[in-house]
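Data first, discussion second: the structure below is written as structure tokens.
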Amino acid sequence: MKEYIIRLVYIEMLGHDASFGYIHAVKMTHDDSLYLKRTGYLAVTLFLNEDHDLIILIVNTIQKDLKSDNYLVVCAALNACCKLINEETIPAVVQQVVDLLGHAKEAVRKKAVMVLHRFFQKSPGSVNHLVSNFPKRLSDNDPGVMGATLFPLYDLITIDVNPYKDLVASFVNILKQVAERRLPKTYDYHQTPAPFIQIKLLKILALLGSGDKKSSEQMYTVIGDIMRKSDTASNIGNAILYECICCISSIQPSPKLLETAADAIANFLKSDSHNLKYMGIDALGRLIQISPDIAEQHQLAVIDCLEDPDDTLKRKTFELLYKMTKSSNVEVIVDRMIDYMISINDNHYKTETASRCVELAEQFAPSNHWFIQTMNKVFQHAGDLVNPKVAHNLMRLIAEGFGEDDDTADSQLRMSAVESYLKIVDEPKLPSAFLQVICWVLGEYGTADGKYSASYISGKLCDVAEAHSSDDTVKAYAVTALMKVYCFEKAAGRKTTLLPECQSLLEELSASHSADLQQRAYEFRAILDLDANAIENIMPLDASCEDIEIDTSLSFLDNYVQKAIEQGAEPYIPENERSGTLNISKIRNHNAYEISTHSLRFEAYEVPKPVVPAKIPSTVTYPTDLVPVTATISEPSYQPSVQPTWPLVPVSDAGSALGSTELKLRLDGVQKKWGKPTYSSGASSSSTSNFELDRNTVNGATKPDTAISKPREPRQSHVEVSEEKQKLAASLFGGTTSRSERKQSGKVSRTTNHGEDKVQSATVTVPITTAAQAQPHPPDLLDLGEPVGYTSSYSSTVDPFKQLEGLLDLSQDVNATAAGTSNGPDLMSLYSDADTNGNSNQNLNPVNGSVNPSKKPALLTKGPSLKDALDKDALVRQMGVNPTGQNPNLFSDLLG
Amino acid sequence: MIHFVLLISRQGKVRLTKWYSPYSQKERSKVIRELSGMILTRGPKLCNFVEWRGFKVVYKRYASLYFCMCINQDDNELEILEIIHHFVEILDRYFGSVCELDLIFSFQKAYYMLDEILIAGELQESSKKTVARLVSAQDSLVEAAKEEANSISNIIAQATK
């Protein structure tokens, strides 16, 4: 039997239906033999979902097994609990599970905790009274149980932080103990002490510390310790590092930790592993929200990731870019995003990217024209996927314009929109939402400045309606647009003749199956027969952005109601007060209200105001305004003609009626024009280069080699990177090219300084070194640029220091060979070489970098100068070098 | 939280599935199809994460088997990668250099082990020794039960002779 059940599990796993055997699996759980019982439980957990009918048959067995003496049986039952017990059956077992929290076996306690956690996830209400059990279990003797307790606590803290603030100290304490390897050796994972527990603790601390200075301060030390100790060579070490970064970015920021985090991110981004790059990008995205400037030093890495063939990495990078978009780089980023959006065909992500594009464009658009173009692209490629609200927003935006009071800008915007739409409209396969926007805009503004004739526009609109004959909404939009075009023409007193294709379209629509289309067609015809004056009243030019105030109390009908009551009608009783007997006159009365609501909505078109006003129209004006409406009601054609406009009305009126004249585009406080970067690249660049300069003058004398390799870094990366990338980087991060240029120029002068420095120190030491070492060993120093010097061994990578020591101290003879007599002049030549044609040096460097990646991070980190210098100082001291009289400045600078 | 664990062979055959969030049978096969299409086609040097329907799928290849776990957006991918590795190490320790055939022929054992490592979509035990101890305790019990059954059947057989 057992074999059969196992086969059944296999069948189910392969995706076939094995429901006929479920009952046997359930039966097997009743078996006394643990062997069979276990198989039964396994099968049942794999077969059944928590809402399956057979569950009820198992609950009893589970209850019995939870009481079993054999802890293995209890374990099996607890495992099954997680999967099978649903909200209704939780009360049946929950007490037993709680009792098991005190079980002698730690495996059972651990599972009991996890089961309670699961119950909590499923229905927080049923186990709320047991929540206090979790913090207690934190002090369990067994680290496994303690670790398991972290999961429910994490969930609880996510929901509400406050009750757990007092646990911060104990969490920190536990974390410290874990990091200090106080846990049993079995919890070590690849020489890292209990990493999974560490990660969970860090997650909890991140929650507890966010926005809480006091708690955060308690964590600083332990997080710093962990980051220092973590092993960057192994995956798990990096996982902890990443979690530390997440934690740092979420708690109250500490400048020192932020620096460490930035260094760690730099290492991630520079690694060859895509996983680490991915994590680096992710971490960067988190940290950037606290300190926006750190992205700058990683720009090239970010761009590499952006162009990576790995889709996941690319996507993550876009997420990062999305987070760091400013008005200065929005164009580049959105363009990239759109390109990417076009290239993918996964609807889920297409939608996401599209909505992000729209959001960014709305927030940061540098110019109206660009905005329209961008929206066109987005709609063209993902029109059916974006939220219809976006389309309405776009229409509203075009109608209301961007500028607060600049009418010419608005009309320019409209014209550019009309022009771009006229270009696009002929393309086949436009998404419906986009076509609606096009039709609306063409109808509303197509003929506004007289550049395009009515017949041209209407011809286009007819084409649209014909080409998309299956889409009723588009057709409706097109007909209404046509109607507007002709009305405007007529109102302007120009002679209009209906185009033949327009005629045929109307005929076709009059016989349409869709009542809406039919009505629109008839209205169109009726309106065309009216005289210019009436039309102007019905369809005033550019009325879409008039503000409409809806009088919900319908006060202007008071007179009418009053009259009706005087004539013997019963007063209207609100629906909730109405009794069961509902007489007809009331209903009629009610209907009257409804009709008037429609005419009210139309009111916007009745009150043409010259300029876009704020909400001036008051309810007082309505009764008088209503008069012409009621007058026209006598015309049979009027009533229907109300209808077509109002599907459009929500566009203009939804926003304004809700009392918002606020524009969707946030232009205030944001730099408007592209090209004037808001963020001061100049200042930052000069400061960084100054900073480098400072550092180098400090370090220069004693550590010329590191000093050389440092300036090399930016150059090297710029050589590697193609022109195009550089440009991209510049546009993304704002004026970097200028920065690098500046740096370079600074460097040249600096290197000369070093050259001189070095020469001095070298010449000073020459007499001493000659005595010790006769054999010159030029390659080490001379061919710095060549890989040979670096590849040889690790010791040669630390060479610079040792050579230096060789220069300074005779007792150090490890590498003193390097400091031969000939060094002085050679060095000179080297530096002058670097001076005159830095290019040759640069060209060699990439080789150098790739050969020796282990050294790269150390050299490339732009750490804090002081800390770096101190570290190096410590290293030098360790190696037995004492400060000599030759460089008294150095140490006073560093330590003083 | 881990939503499901999936073991797929390089040919797209499913070797083990464990669902911690409710999925109907239909959804399951759809998920498997989608993911195997996505993961198996990825190159070796790309990163081990795939974004999928608002979740992230972390996968790792061991010989001809892909181990995949689906997690939430805000989970730590590297950690999951290590959980996968942890699982594999435990399998390895149990079977003695595990291979795909081990998992095919005694996949229920792999399930038992997975149950000791993950419960309700969370890592419950990060100590390899504890897991090994529990699994072997269960095994020995099973052995005992088997022997008992054998001896009883022997007795019965003898008695009926």
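Just so it is clear: chains get the letters A, B, ... in the order the sequence lines come, proteins before strands, and each one is counted from 1.
- Within a 6.0 Å radius of NZ in A:K105, other residues, nucleotides and ligands contribute 12 heavy atoms or fewer.
- Interface check for chain B: of the options A:Y10, A:Y189, A:Y242, the most heavy-atom pairs under 4.5 Å are formed by A:Y189.
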Evaluation steps, side chain to side chain contact (heavy atoms under 4.5 Å, CB included), between A:K200 and B:E79 | CA-CA 10 Å; A:K200 202 71 203 174; B:E79 184 196 359; 5.7 Å; no
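- Atoms CZ and CG, from A:R286 and B:D74 in turn, are 7.5 Å apart once rounded to the nearest 0.5 Å.
- A:H52 does not touch chain B: none of its heavy atoms, backbone or side chain, sits under 4.5 Å away.
- Ranking A:E12, A:Q121, A:K83 against chain B, the residue ahead of the rest is A:E12, based on heavy-atom pairs under 4.5 Å.
- A side-chain contact (heavy atoms from CB on, under 4.5 Å) with B:E122 is found for one member of A:F196, A:F151, A:Y154 and no other, namely A:F151.
- Interface residue A:L72: only side-chain heavy atoms are found under 4.5 Å from chain B.
- Counting heavy-atom pairs under 4.5 Å between each of A:H274, A:M279, A:R38 and chain B puts A:R38 at the top.
- With a 4.5 angstrom heavy-atom cutoff, A:L42 touches chain B only via side-chain atoms.
- Interface remark: A:L276 contributes side-chain atoms only to the contact with chain B (heavy atom separation under 4.5 Å).
- Here CG of A:L46 is found 7.5 Å from CG of B:D115. Values are rounded to the nearest 0.5 Å.
- For A:K203, the part sitting under 4.5 Å from any heavy atom of chain B is the side chain, from C-beta outward, and nothing else.
- Contact annotation for B:L81: only side-chain heavy atoms (C-beta onward) come within less than 4.5 Å of a heavy atom of chain A.
- Here A:E319 contributes atom CD and B:Q73 contributes atom CD; the two are 6.5 Å apart, rounded to the nearest 0.5 Å.
- Within residues 82-90 of chain B, the residues having any heavy atom less than 4.5 Å from a heavy atom of chain A are, in residue-number order, B:E82, B:I83, B:H85, B:H86, B:E89.
- Of the two parts of A:T39, the backbone and the side chain both hold a non-hydrogen atom closer than 4.5 Å to a non-hydrogen atom of chain B.
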Give the intermediate values and the outcome of side chain to side chain contact (heavy atoms under 4.5 Å, CB included) for residues A:N275 and B:E77.
-> CA-CA 9 Å; A:N275 288 347; B:E77 295 91 340; over 6 Å; no
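- When the heavy atoms of residues 25-40 of chain B are compared with those of chain A, the residues falling under 4.5 Å are B:Q25, B:R28, listed by number.
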Would B:L134 and A:Y71 satisfy side chain to side chain contact (heavy atoms under 4.5 Å, CB included), going step by step from the backbone distance to the final call?
-> CA-CA 10 Å; B:L134 276 172; A:Y71 77 96; 3.9 Å; yes
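- Annotation for A:C82 and B:I119: closest pair SG-CG1, 3.4 Å, computed over non-hydrogen atoms.
- For chain B, the nearby part of A:N70 is the side chain; its heavy atoms alone come within less than 4.5 Å.
- To the nearest 0.5 angstrom, A:L241 atom CG is 9.5 Å from B:L78 atom CG.
- Both the backbone and the side chain of B:F49 have a heavy atom closer than 4.5 Å to some heavy atom of chain A.
- For the options B:Y112, B:F107, B:W52, heavy-atom pairs under 4.5 Å to chain A are most numerous at B:Y112.
- Interface with chain A: from residues 10-20 of chain B, residues B:V14, B:R15, B:L16, B:T17, B:K18, B:W19, B:Y20 qualify, criterion being any non-hydrogen pair under 4.5 Å.
- For B:I80, no part sits under 4.5 Å from any heavy atom of chain A, backbone or side chain.
- For the pair B:N76 (side chain) and A:A239 (backbone), a donor-acceptor distance under 3.5 Å is present.
- B:F55 meets the ring pair (Phe, Tyr, Trp, His ring centres under 6.0 Å) test with B:H3; sequence neighbours excluded.
- Counting heavy-atom pairs closer than 4.5 Å to chain A, the top-ranked of the candidates B:R53, B:R133, B:K56 is B:R53.
- Considering only heavy atoms from C-beta on, B:Q108 stays 4.5 Å or farther from A:V9 through its side chain.
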